[in-house]
Student: 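Can you keep this structure in mind? I'll have questions shortly.
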Amino acid sequence: MGELTLDDRFHLLLHKKIMNKTGSAKRRSKKYYKDQYKKTGIIPVPLLLVEKGIMEGRKCSGRPRAIDEKTKRKFVEMVKASCDPSSQGFIFITRRARTIKNYHYWLEQELGKTISLPALRRCAKRENLKFYLEKEDEQIQSPVIHAFKSVPVFDLIQVDGCKFQYLKIRNKHGNWQKPQVIEVFDTSSRNMFILEFYFTESSLNSVDLFTRFLLSTPFPLKKIGIRPDQAKGFLNLKRPINAINLAHSTPQGFYFAPDFSRAYSPKDKAHLESSHRSLHNFEIRIIKAFENRIVKTIPEYTFKRGKKEKITVTLLDITLQELRISNMLSEYRNEHNHTQHYFTEDGVVSAWVPAQKFDDFLSNQADILNFNPDQVQEYMKYGYRKIKATVSKSRTIRHDNRDYYVTSGADRFSKHKSTPVKISRYKDKLFIFEQGEEGVLLGEAIAKKPFDRSPSPAPSPVPPDELDTIITLLGKHDMAVDRPALIEVYHKGLTLTRAEQVLHHNQLRYADYMKKMNQPDDRKNQALFNAFILDYQKLINTNHVATYASHGDIT
């Protein structure tokens with residue numbers, strides 16, 4: 001470049017400056033720089049900066065923008081205020097009259113100076129004012145006839161599931177299945193309380209999500225409307241909702257008001273259905289996150305508004321548990337709750353941040369109800385499939401060719417006639433419910449003989465009750481538990497504390513007893529359990545203090 005003459009250097013730099021321009025912009029730039037060079041005899045500074053790779057001529061030459069900061073700020077304020085009828089910053093202008101020429105005229109009149117019209121057009125584009133320039137006129141005078149009415153926070157909580165469309169993962173049987181998300185959603189603030197992945201909207205999954213909702217949410221002491229979908233699994237929520245009201249509801253205070261959506265009426269939960277549309281976009285983010293686990297893609301069809309549409313479904317070699325621990329759903333929920341969205345209330349579009357509106361409501365509440373895990377875990381018993389059964393006068397249930405003895409809640413059943421109930425089986429235990437669709441848990445029953453258990457049982461979602469704990473404790477001391485006999489003394493007052501007391505004071509005698517007995521192990525274990533029952537009877541017949549415990553005589 002240094003060996004070139006001044007003219008050659010000018011023409012080379014001018015070429016580089018305008019080589020990416022076209023049309024009139026290229027012609028104007030070429031003429032401008034040639035006129036400057038001819039007038040001054042020196043290469044203009046913008047062309048010299050081209051040697052350094054700097055192409056922004058006006059900025060790098062030191063010349064200010066055609067529109068200064070004050071003019072730009074005033075222009076933006078004028079445009080935004082002119083599309084809002086309630087604003088006092090400027091007169092309201094109908095959409096068709098919001099032209100740059102009008103604003104150009106008003107700016108020149110107000111600021112008392114000449115303003116470049118093309119520069120003002122560039123400013124409108126650069127500041128993204130198209131939304132305000134083309135915003136439709138709001139009809140304030142004529143109210144909207146058909147619109148969803150706004151409700152206060154917690155007045156209506158919606159519950160529904162959304163099945164994925166574009167991906168499948170492996171279920172517990174190794175087959176491909178589309179997962180779905182079950183969501184709990186506040187209608188007023190649009191705050192997502194909780195979302196979780198499942199394969200079905202079963203009763204157990206619905207109760208599982210409902211208990212998580214109870215644990216993760218602080219509740220105001222007011223009437224709270226809750227609207228689940230009409231799916232069979234969600235209908236089962238009537239039972240735990242009724243149980244919660246019986247345990248925690250107070251006059252003019254906390255109360256769950258069930259308001260289930262009507263069958264085949266998606267408008268009853270339109271706000272939640274609207275949020276599900278963004279969940280389908282979220283599916284693509286999951287596919288991208290697990291792109292190294294893609295097995296293949298397959299064609300499928302979906303129907304929207306009666307039209308058949310071809311889509312591509314991606315098969316991901318992951319499990320539901322892997323999907324849950326990825327925390328992608330939590331990130332999606334936080335993104336929704338802490339980002340400003342445009343929503344419609346009473347036919348008017350407004351913008352707010354869901355979490356902020358929800359937190360503002362809670363901050364004004366004097367008292368809050370928080371559920372603890374011990375209270376909530378009890379409601380998991382409501383999730384299992386229920387069938388009809390009968391509790392006999394002797395407090396027993398015959399089910400699936402097995403005899404069950406009522407252990408807790410026996411006093412709730414008549415000794416004079418049989419009681420029709422609904423039952424759910426969990427391992428070798430029955431949960432007993434009232435017959436109605438809102439029937440609460442009445443008690444539990446245990447099988448006369450234990451079931452064959454797998455060597456490594458899965459973690460139980462249902463906490464063991466006191467009788468289960470006693471049976472486990474006696475089993476650890478090599479006792480063959482006779483369940484009917486144990487249930488009989490349990491109804492007479494046996495507790496875990498008393499069982500531990502009997503075992504503690506007799507452990508040496510039991511060990512000596514096992515050494516001296518010349519019998520098979522199963523006979524020894526039965527005899528040891530009988531000895532425990534006799535020792536417990538001695539305990540309760542001596543004012544709850546065993547003789548050998550008082551005098552140290554273990555005979």
Side-chain angles (χ1 to χ4, degrees), residues 372-374 377-378 380-381 394-396 402-411 425-431 443-555:
N372 61 57
D374 292 337
Q377 200 170 13
E378 185 74 11
M380 282 304 300
K381 299 174 182 178
S394 58
R395 279 77 179 278
T396 61
R402 291 180 182 271
D403 291 319
Y404 293 81
Y405 293 82
V406 177
T407 56
S408 63
D411 56 324
R425 193 177 80 182
Y426 176 74
K427 297 183 178 179
D428 56 354
K429 180 181 289 189
L430 297 180
F431 301 126
E444 298 179 9
I446 194 169
K448 180 179 180 180
K449 295 181 180 180
F451 291 6
D452 294 332
R453 300 180 186 274
S454 58
S456 56
S460 172
V462 179
D465 59 13
E466 187 176 42
L467 184 60
D468 287 331
T469 308
I470 295 174
I471 292 174
T472 303
L473 177 65
L474 298 181
K476 290 180 179 178
H477 286 77
D478 299 324
M479 295 185 184
V481 178
D482 181 7
R483 292 189 173 192
L486 183 65
I487 292 170
E488 183 178 351
V489 297
Y490 179 73
H491 286 158
K492 292 180 180 180
L494 175 64
T495 62
L496 178 61
T497 302
R498 289 180 177 178
E500 291 174 340
Q501 183 180 357
V502 172
L503 292 172
H504 175 71
H505 288 293
N506 289 276
Q507 57 184 346
L508 296 178
R509 186 165 69 89
Y510 291 161
D512 186 56
Y513 187 50
M514 292 291 284
K515 292 179 182 178
K516 293 180 179 180
M517 183 178 291
N518 187 17
Q519 293 289 339
D521 288 344
D522 56 343
R523 296 292 299 276
K524 287 183 180 181
N525 297 339
Q526 291 175 6
L528 198 59
F529 173 76
N530 293 334
F532 168 81
I533 295 296
L534 291 174
D535 288 330
Y536 170 71
Q537 291 173 345
K538 289 180 183 179
L539 176 68
I540 62 176
N541 289 333
T542 54
N543 294 325
H544 305 298
V545 179
T547 304
Y548 49 77
S550 299
H551 305 286
D553 182 14
I554 306 177
T555 56

Student: Within a radius of less than 6.0 Å around NZ of Lys524, do more than 12 heavy atoms belonging to other residues, nucleotides or ligands occur?
Tutor: yes
Student: With sequence neighbours excluded, what pairs up with Lys516 under the side chain to side chain donor-acceptor pair (under 3.5 Å) test?
Tutor: Asp512
Student: Mind checking whether Ile470 and Val481 have side chains closer than 4.5 Å, heavy atoms only?
Tutor: no
Student: Calculate, to the nearest 0.5 Å, the distance between atoms CG and CE belonging to Leu528 and Met514 respectively.
Tutor: 5.5 Å
Student: What heavy-atom pair brings Pro450 and Asp428 nearest, and what distance separates the two atoms?
Tutor: CA-OD2, 3.8 Å
Student: Any idea which heavy atoms bring Met517 and Ala527 closest together, and the distance?
Tutor: CE-CB, 3.6 Å
Student: At what distance, to the nearest 0.5 angstrom, does CZ of Phe529 lie from CG of Leu486?
Tutor: 5.0 Å
Student: Side-chain contact, heavy-atom cut-off 4.5 Å: Asp535 with Arg509?
Tutor: yes
Student: What residues, two or more places apart in sequence or in another chain, satisfy side chain to side chain donor-acceptor pair (under 3.5 Å) together with Glu444?
Tutor: Lys381, Lys429
Student: Measuring from Leu467:CG to Arg483:CZ, what's the distance to the nearest 0.5 Å?
Tutor: 8.0 Å
Student: Can you confirm whether Thr497 sits close enough to Gln501 that some side-chain heavy atom of one is under 4.5 Å from a side-chain heavy atom of the other?
Tutor: no
Student: Can you list the residues that meet the side chain to side chain contact (heavy atoms under 4.5 Å, CB included) rule with Asn530, with sequence neighbours excluded?
Tutor: none
Student: With a 4.5 Å heavy-atom cut-off, do Tyr405 and Lys448 have their side chains touching?
Tutor: yes
Student: Mind checking side chain to side chain donor-acceptor pair (under 3.5 Å) for Asp374 and listing every partner two or more places apart, or none if nothing turns up?
Tutor: none
Student: I need the Tyr404 OH to Leu430 CG distance, nearest 0.5 Å.
Tutor: 5.0 Å
Student: Distance check, rounded to the nearest 0.5 Å: Asp468 atom CG versus Leu496 atom CG?
Tutor: 11.5 Å
Student: Just jot down the side chain to side chain donor-acceptor pair (under 3.5 Å) partners of Ser394, sequence neighbours excluded, or say none.
Tutor: Ser392, Thr396
Student: Taking C-beta and beyond as the side chain, do Leu503 and Tyr510 meet within less than 4.5 Å on heavy atoms?
Tutor: yes
Student: How long is the straight-line distance from CZ of Phe532 back to CE of Met479, given to the nearest 0.5 Å?
Tutor: 6.0 Å
Student: Could you pull out all donor-acceptor pairs under 3.5 Å where a side-chain atom in residues 488-495 meets a protein atom, sequence neighbours excluded?
Tutor:
residue: His491; atom: NE2; partner: Val406; partner atom: O; Å: 3.2
residue: His491; atom: NE2; partner: Thr407; partner atom: O; Å: 3.0
residue: Thr495; atom: OG1; partner: Arg498; partner atom: N; Å: 3.2

